[in-house]
Number of protein chains: 4
Amino acid sequence: MSSPKQAGGRPRDSRVDHAITRATRELLAEAGYAGITVDAVAERAGIGKAAIYRRYAGKQEMVFAAAVHDMSIAPPPDQGSLRADLAALARDIAESLSAPGAPTLLGLFADVSSDEAALTRIRDTFLERERACVAEVLDRAARRGELTSHPGLTPVHALLTGPILTWLLALRHTDTGDLDTFVTTLADLLTKALTSP
Amino acid sequence: MSSPKQAGGRPRDSRVDHAITRATRELLAEAGYAGITVDAVAERAGIGKAAIYRRYAGKQEMVFAAAVHDMSIAPPPDQGSLRADLAALARDIAESLSAPGAPTLLGLFADVSSDEAALTRIRDTFLERERACVAEVLDRAARRGELTSHPGLTPVHALLTGPILTWLLALRHTDTGDLDTFVTTLADLLTKALTSP
Amino acid sequence: MSSPKQAGGRPRDSRVDHAITRATRELLAEAGYAGITVDAVAERAGIGKAAIYRRYAGKQEMVFAAAVHDMSIAPPPDQGSLRADLAALARDIAESLSAPGAPTLLGLFADVSSDEAALTRIRDTFLERERACVAEVLDRAARRGELTSHPGLTPVHALLTGPILTWLLALRHTDTGDLDTFVTTLADLLTKALTSP
Amino acid sequence: MSSPKQAGGRPRDSRVDHAITRATRELLAEAGYAGITVDAVAERAGIGKAAIYRRYAGKQEMVFAAAVHDMSIAPPPDQGSLRADLAALARDIAESLSAPGAPTLLGLFADVSSDEAALTRIRDTFLERERACVAEVLDRAARRGELTSHPGLTPVHALLTGPILTWLLALRHTDTGDLDTFVTTLADLLTKALTSP
DNA sequence: ACATAATCGAGACGGTACGTCCCGTCTTAAG
DNA sequence: CTTAAGACGGGACGTACCGTCTCGATTATGT
């Protein structure tokens with residue numbers, strides 16, 4: 001993101017970095033991904049546009065940098081069982097994707113969907129953390145003896161994140177239940193799918 | 001979508017409708033949702049912009065109309081078992097979401113995420129069809145005696161569509177397998193989850 | 001300046017042309033050539049920037065079009081003598097170059113001095129009119145018998161316009177006299193130079 | 001121009017002064033007044049921008065300092081007659097204004113035309129030298145008895161510099177003759193104007 | 001010898017304007 | 001009333017300069 005070059009000259013002011021990130025997050029929350037503008041971020045942050053474009057190649061990178069910061073996720077503490085671990089992880093993922101995260105992430109994916117390099121960067125930054133959490137949870141289950149095998153990391157990851165994303169985006173308004181109920185049901189179904197012989 | 005007013009005067013030219021739809025789809029494939037412009041569609045279609053805005057309320061509606069046409073799905077013929085039915089349905093959904101469907105749908109969702117009315121329209125047009133297919137497949141399983149109960153339509157729908165969407169968008173590049181393998185694994189896991197006691 | 005293409009489509013709105021020209025002239029008078037901006041012109045005129053860039057290739061062309069309109073010059077009515085004709089013409093030129101004309105013209109010359117094509121266009125539009133006036137005045141003198149020969153159109157033109165421009169730009173603040181006095185002295189000296197054997 | 005403060009500390013490096021001046025002149029010749037930038041001068045000179053702003057209050061001063069260095073003129077040696085003196089002086093002035101002098105001077109005048117103080121500084125530095133030369137030439141003529149009276153320093157100055165500036169800027173491309181011919185004609189006409197009874 | 005102080009190149013800073021692009025609307029003439 | 005063409009007001013984009021500032025390093029002078 002930032003240029004690694006920092007030989008001579010005045011160093012970057014970290015207060016500017018924070019001001020950009022904070023302003024971006026505020027405006028994402030207020031106006032959403034579609035409604036954010038670089039000029040508005042600069043004005044809100046009290047900085048010049050050049051300071052933004054010195055750090056990020058464009059609006060997408062700026063938003064990405066601000067958004068992923070809200071989406072940092074860590075493996076949940078061991079809950080004692082696969083079902084409880086999955087429920088905890090699902091709750092974490094759901095929280096990280098909640099407003100304004102999900103639409104922002106979606107807008108980003110849509111915006112960069114024809115830019116393979118940018119897509120890869122987003123994937124690597126955001127998805128890899130989730131993937132590592134999934135791997136940790138499955139490892140624990142294997143160590144407990146709950147699982148002797150599983151269908152692979154990617155399907156489990158997809159079955160965990162995909163339904164949550166879909167529910168938040170589209171099904172929330174259809175469903176009669178709330179997010180907690182959905183997440184619990186999801187963890188339950190996923191546990192069955194993995195532990196069924 | 002189209003204006004209901006069409007009393008007297010020259011009737012709309014249906015070739016214009018088709019030209020708009022075809023041009024939109026071509027440009028979606030070439031440039032993606034973020035890269036498409038109304039001017040470009042009009043030029044490619046050899047028509048005027050007014051002809052588009054007479055039919056659609058905006059860019060989003062135009063794209064939506066063109067995109068959902070590729071996404072119409074119907075309940076698959078009875079495959080004899082829940083597992084096979086789920087696999088067939090998953091395959092149909094995966095196909096309907098394949099390029100350029102998924103990023104387009106995402107861009108639309110992101111664009112309209114702050115417009116509740118438009119969001120509802122997209123949801124109702126696109127998701128209801130899927131939901132009906134899921135219901136049909138579950139009904140068949142119930143009639144066969146494979147299922148005595150299930151956790152509700154929405155969770156099953158989410159567990160079917162969500163992982164496919166996520167895999168197409170993000171995990172495809174990580175996974176070693178192909179779409180068919182993933183879809184089969186998904187149907188398998190889902191069957192276990194539903195039929196496990 | 002304007003594109004000659006005008007086959008189909010909505011025609012240019014002449015009120016927009018006038019609004020641009022008026023706003024440009026007002027802002028030139030208020031802020032000078034260096035202080036004018038395209039955004040300010042658009043705002044003052046109550047139009048979009050695109051309407052300006054549809055007509056002019058850039059700021060320079062816009063300013064030029066507005067400035068030359070103020071600088072139209074015509075041969076003065078026959079004053080009965082070369083001296084009186086020159087005095088009248090000098091007065092006209094001085095008026096056409098007076099604020100904000102002279103600095104504007106200068107800024108333009110400086111701005112485009114490395115663009116031979118633009119320079120030629122300015123020259124042709126502005127200087128040719130003056131040159132024709134000089135020619136007319138010399139012709140009259142020849143018909144009256146005041147002149148049997150003259151050193152050429154260009155030197156006379158230069159001796160008329162050059163001193164006025166220089167005085168307005170630089171010497172006005174040094175000189176004790178006013179513009180009228182200077183113009184009279186100039187016409188007097190020029191008459192002597194031309195009629196001296 | 002330069003700050004008078006220079007009590008303690010590291011003294012200014014005169015190589016920096018020369019590098020600035022040379023780079024400014026090179027870039028003026030290449031890109032003209034409108035095309036020159038402070039960053040470009042600094043880069044070309046291999047120095048930092050601060051070194052420029054430590055010496056000059058702004059771009060205009062920097063350019064002015066570099067440009068007038070090419071424009072210093074002195075009274076020509078006595079040529080024995082008013083006509084010859086004027087021709088020699090006209091030639092000197094023409095040379096001092098030749099590329100890139102004239103457009104640069106113009107750009108400066110246009111840029112500072114709303115800044116009375118800067119305008120005065122340019123005028124005093126540049127025009128006063130010319131004015132002194134004109135005075136010297138007229139004095140010689142008076143001492144020779146060629147002139148008993150003249151219309152004042154300012155008109156003569158305007159009639160000498162103005163036509164040359166105008167010719168260089170605008171008429172050069174129209175005229176069939178060259179600068180030498182024009183300068184000779186100018187000196188001739190000016191002599192007639194001054195010596196005619 | 002060593003602190004003081006102004007210099008140096010490099011480059012980030014807040015601003016401002018540029019010229020381009022697109023949106024959704026409006027205005028033509030032709031059919 | 002629809003059509004193709006295209007101008008309209010509005011507004012965001014990303015770039016380029018301006019003149020200021022901050023960094024670490026250098027280079028003289030005054031003690």
Side-chain angles (χ1 to χ4, degrees), chain A residues 3 5-13 15-16 35-40 42-43 45-59, chain B residues 5-13 15-16 35-40 42-43 45-60, chain C residues 3 5-13 15-16 35-40 42-43 45-59, chain D residues 3 5-13 15-16 36-40 42-43 45-60:
Chain A
S3 173
K5 291 273 187 62
Q6 193 55 36
R10 177 178 177 176
R12 298 262 171 91
D13 187 341
R15 287 174 324 212
V16 171
I36 203 172
T37 71
V38 177
D39 292 78
E43 187 181 356
I47 59 165
K49 277 207 293 179
I52 293 176
Y53 284 103
R54 214 172 281 123
R55 287 165 171 77
Y56 308 110
K59 185 165 86 153
Chain B
K5 288 277 184 64
Q6 191 58 35
R10 174 177 175 179
R12 296 229 178 120
D13 187 340
R15 288 171 322 200
V16 171
I36 204 172
T37 71
V38 176
D39 291 78
E43 187 182 357
I47 58 163
K49 282 205 295 176
I52 294 176
Y53 283 102
R54 213 172 285 120
R55 289 166 170 78
Y56 307 110
K59 183 166 91 155
Q60 293 157 3
Chain C
S3 172
K5 289 274 185 64
Q6 192 57 34
R10 177 176 176 176
R12 299 262 171 90
D13 187 340
R15 288 174 322 213
V16 172
I36 204 171
T37 72
V38 176
D39 291 78
E43 187 182 356
I47 59 165
K49 277 207 294 178
I52 293 177
Y53 284 103
R54 213 173 281 124
R55 289 167 170 75
Y56 308 110
K59 185 164 88 152
Chain D
S3 172
K5 289 276 184 62
Q6 191 58 35
R10 176 179 177 176
R12 299 241 174 108
D13 187 340
R15 287 171 322 199
V16 171
I36 205 172
T37 72
V38 176
D39 292 77
E43 188 182 356
I47 59 163
K49 283 206 295 176
I52 293 177
Y53 284 102
R54 213 173 283 123
R55 289 165 170 79
Y56 307 110
K59 185 166 90 153
Q60 293 157 2

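Letters A, B, ... are given to chains in the order of the sequence lines, protein chains preceding strands, and every chain is numbered from 1.
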Give me the atom names and distance for the closest heavy-atom approach of Gly48(A) to Ala42(A).
C-CB, 4.2 Å
Heavy-atom pair with the smallest gap, counting every atom of Lys59(A) and Ile36(A)
NZ-O, 3.2 Å
Separation of dG19(F) atom C1' from Asp39(D) atom CG, nearest Å, is 10 Å
With the criterion being N/O to N/O and under 3.5 Å, what pairs connect the protein with nucleotides 27-31 of chain E, and how long is each?
unit_1: dT27(E); atom_1: O4'; unit_2: Arg10(C); atom_2: NE; d: 3.1

Grab the two heavy atoms, one from Val38(A) and one from Lys49(A), that are nearest each other, plus how far apart they are.
CG1-CD, 4.0 Å
With a 4.0 Å limit, can you tell me whether Arg15(A) has a side-chain N or O closer than that to the phosphate oxygens OP1/OP2 of dA12(E)?
no
Closest to the side chain of Lys49(C), out of dG19(F), dG9(F), dT20(E), is dT20(E)
Roughly how many Å is it from CZ in Arg55(B) to P in dT25(E), rounded to a whole number?
16 Å
Restricting to non-hydrogen atoms, name the atom on Ala51(B) and the atom on Ile47(B) that form the minimum distance, rounded to 0.1 Å.
CB-CD1, 4.2 Å
Atom CD1 of Ile52(B) to atom P of dC23(E): distance rounded to whole Å?
9 Å
Using heavy-atom distances to pick each residue's nearest nucleotide on DNA chain E, tell me which of Ile36(C) and Ala42(A) is more 5'.
Ala42(A)
In whole Å, I'd like the distance from the OH atom of Tyr56(C) to the P atom of dT20(E).
16 Å
Among dC18(F), dC23(E), dA7(F), which is the nearest nucleotide to the side chain of Tyr53(B)?
dC23(E)
Those residues at least two apart in sequence (or on a different chain) that pass side-chain contact (heavy atoms from CB on, under 4.5 Å) with Ala50(C) are Arg54(C)
The side chain of Arg54(A) lies closest to which of these nucleotides: dA4(F), dA12(E), dC13(F)?
dA12(E)
Toward the 5' end of DNA chain E, by each residue's nearest nucleotide, Ala40(B) or Ile47(D)
Ile47(D)
What nucleotide, of dA12(E), dC8(E), dA4(F), holds the atom closest to the side chain of Asp13(D)?
dC8(E)
Reckon Lys59(B) touches a base, only the sugar-phosphate, or nothing at all at heavy-atom distances under 4.0 Å?
sugar-phosphate
Contacts of Ala51(B) and Val16(C) projected onto DNA chain F by closest heavy atom; the upstream (5') one is Ala51(B)
